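This report concerns only the one structure given below.
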Amino acid sequence: MSTAYVIVTVLAAAWVGFSAVSVFMRAKWVVGPLAEYGVPRAWWPWLGTAKAAGAAGLVVGLFVPAVGIAAGIGLVVYFVGAVITVIRARSYKHIPFPLLYLVPVVVAMALGSAA
């Protein structure tokens, strides 16, 4: 296991975890766009839970690789879905935001597969 993989994975998990906490805390800069995109409020806790579980799974994956792979795949699906949601809402200027979370997860997965 390379040091780069560990560092990127921990940072990606922290970044995604921060995003989960932001949903749970209903930070205006997160829930405002969710409402704008038409994401039902009832989904918000589930979305936060999915992010939190994915972040935890990335960390656990450092010790149990299958869990990390599953978490990484889940987060990639989640954030690709977020990009699609932004596109469907025609909020094109917001496309970079889910990509800011997607890219570190993909890099962590790539480094993990190379290890």
Side-chain angles (χ1 to χ4, degrees):
M1 179 178 330
S2 75
T3 304
Y5 167 62
V6 173
I7 291 170
V8 170
T9 299
V10 169
L11 290 175
W15 186 232
V16 172
F18 167 75
S19 181
V21 170
S22 298
V23 172
F24 292 136
M25 299 296 292
R26 301 208 191 269
K28 289 181 184 181
W29 57 273
V30 174
V31 297
L34 287 176
E36 178 185 323
Y37 306 151
V39 177
R41 279 185 182 264
W43 291 12
W44 297 357
W46 295 108
L47 296 175
T49 301
K51 290 184 203 183
L58 288 177
V59 174
V60 171
L62 293 171
F63 307 98
V64 183
V67 173
I69 292 167
I73 291 169
L75 287 170
V76 167
V77 169
Y78 179 97
F79 289 116
V80 167
V83 170
I84 292 167
T85 299
V86 171
I87 291 170
R88 288 187 64 213
R90 294 191 164 105
S91 188
Y92 303 115
K93 65 183 179 182
H94 290 174
I95 292 172
F97 298 117
L99 294 176
L100 289 173
Y101 296 96
L102 174 63
V103 169
V105 172
V106 170
V107 171
M109 290 179 64
L111 289 172
S113 69

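Being a predicted model, the structure only gives us computed values, none of them experimental. Position 1 is the first residue of the sequence; numbering continues from there.
Of the inter-residue distances, the one linking Leu111 atom CG with Tyr5 atom OH reads 8.5 Å to the nearest 0.5 angstrom. Summarising the geometry, atom CH2 belonging to Trp46 is positioned 6.5 Å from atom OG1 belonging to Thr49; distances are rounded to the nearest 0.5 Å.
With a 4.5 Å cut-off on side-chain heavy atoms, Val106 and Leu75 do not count as touching. Within the 4.5 Å cutoff, the side chain of Trp43 has heavy atoms near those of the Pro40 side chain. Phe18 has its side chain within reach of Tyr101: a pair of non-hydrogen atoms, C-beta onward, lies under 4.5 Å apart. Using a 4.5 Å heavy-atom cutoff, the side chains of Leu102 and Tyr78 are not in contact.
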Just list the side-chain donor-acceptor pairs under 3.5 Å for residues 81-93, sequence neighbours left out, or say none.
residue, atom, partner, partner atom, Å
Thr85, OG1, Gly81, O, 2.9
Ser91, OG, Glu36, OE2, 3.4
Ser91, OG, His94, ND1, 3.0

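No path of Ile, Leu, Val, Met, Phe, Trp and Tyr side chains, each step under 4.5 Å between heavy atoms, connects Leu62 with Leu58, placing them in separate hydrophobic clusters. Val10 and Val8 fall within the same hydrophobic cluster, defined by Ile, Leu, Val, Met, Phe, Trp and Tyr side-chain heavy atoms under 4.5 Å apart, directly or through other members. There is no path of hydrophobic side-chain contacts, each under 4.5 Å, that joins Met109 to Val60. Linking ILVMFWY residues whenever their side-chain heavy atoms come closer than 4.5 Å, directly or via other members, places Ile73 and Val16 in the same cluster. A continuous path of ILVMFWY side-chain contacts below 4.5 Å connects Val39 to Val80, so both sit in one hydrophobic cluster.
Other members of the cluster containing Leu11 are Ile7, with ILVMFWY side chains joined at under 4.5 Å, either directly or via other members.
Under the side-chain hydrogen bond (donor to acceptor under 3.5 Å, both in side chains) criterion, Ser19 pairs with Lys51, not counting sequence neighbours. In terms of the side-chain contact (heavy atoms from CB on, under 4.5 Å) criterion, residue partners of Val21 (sequence neighbours excluded) are, by chain and number, Met25. Remark: Ala52 pairs with Ala20, Phe24 by the side-chain contact (heavy atoms from CB on, under 4.5 Å) rule, at least two apart or across chains. Scored by the side-chain contact (heavy atoms from CB on, under 4.5 Å) test, Ala70 finds no partners at all (sequence neighbours excluded).
No close placement of the Trp15 and Phe79 rings is indicated, their centers lying 6.0 Å or farther apart.
Among all heavy-atom pairs drawn from Gly17 and Ala55, the shortest one is N-CB, 3.7 Å. Summarising the geometry of Val59 relative to Ala13, their closest heavy-atom pair is CG2-CB, 3.6 Å, with the distance given to 0.1 Å.
The backbone N or O of Val6 sits nowhere less than 3.5 Å from a side-chain atom of Thr9 that would complete a donor-acceptor pair.
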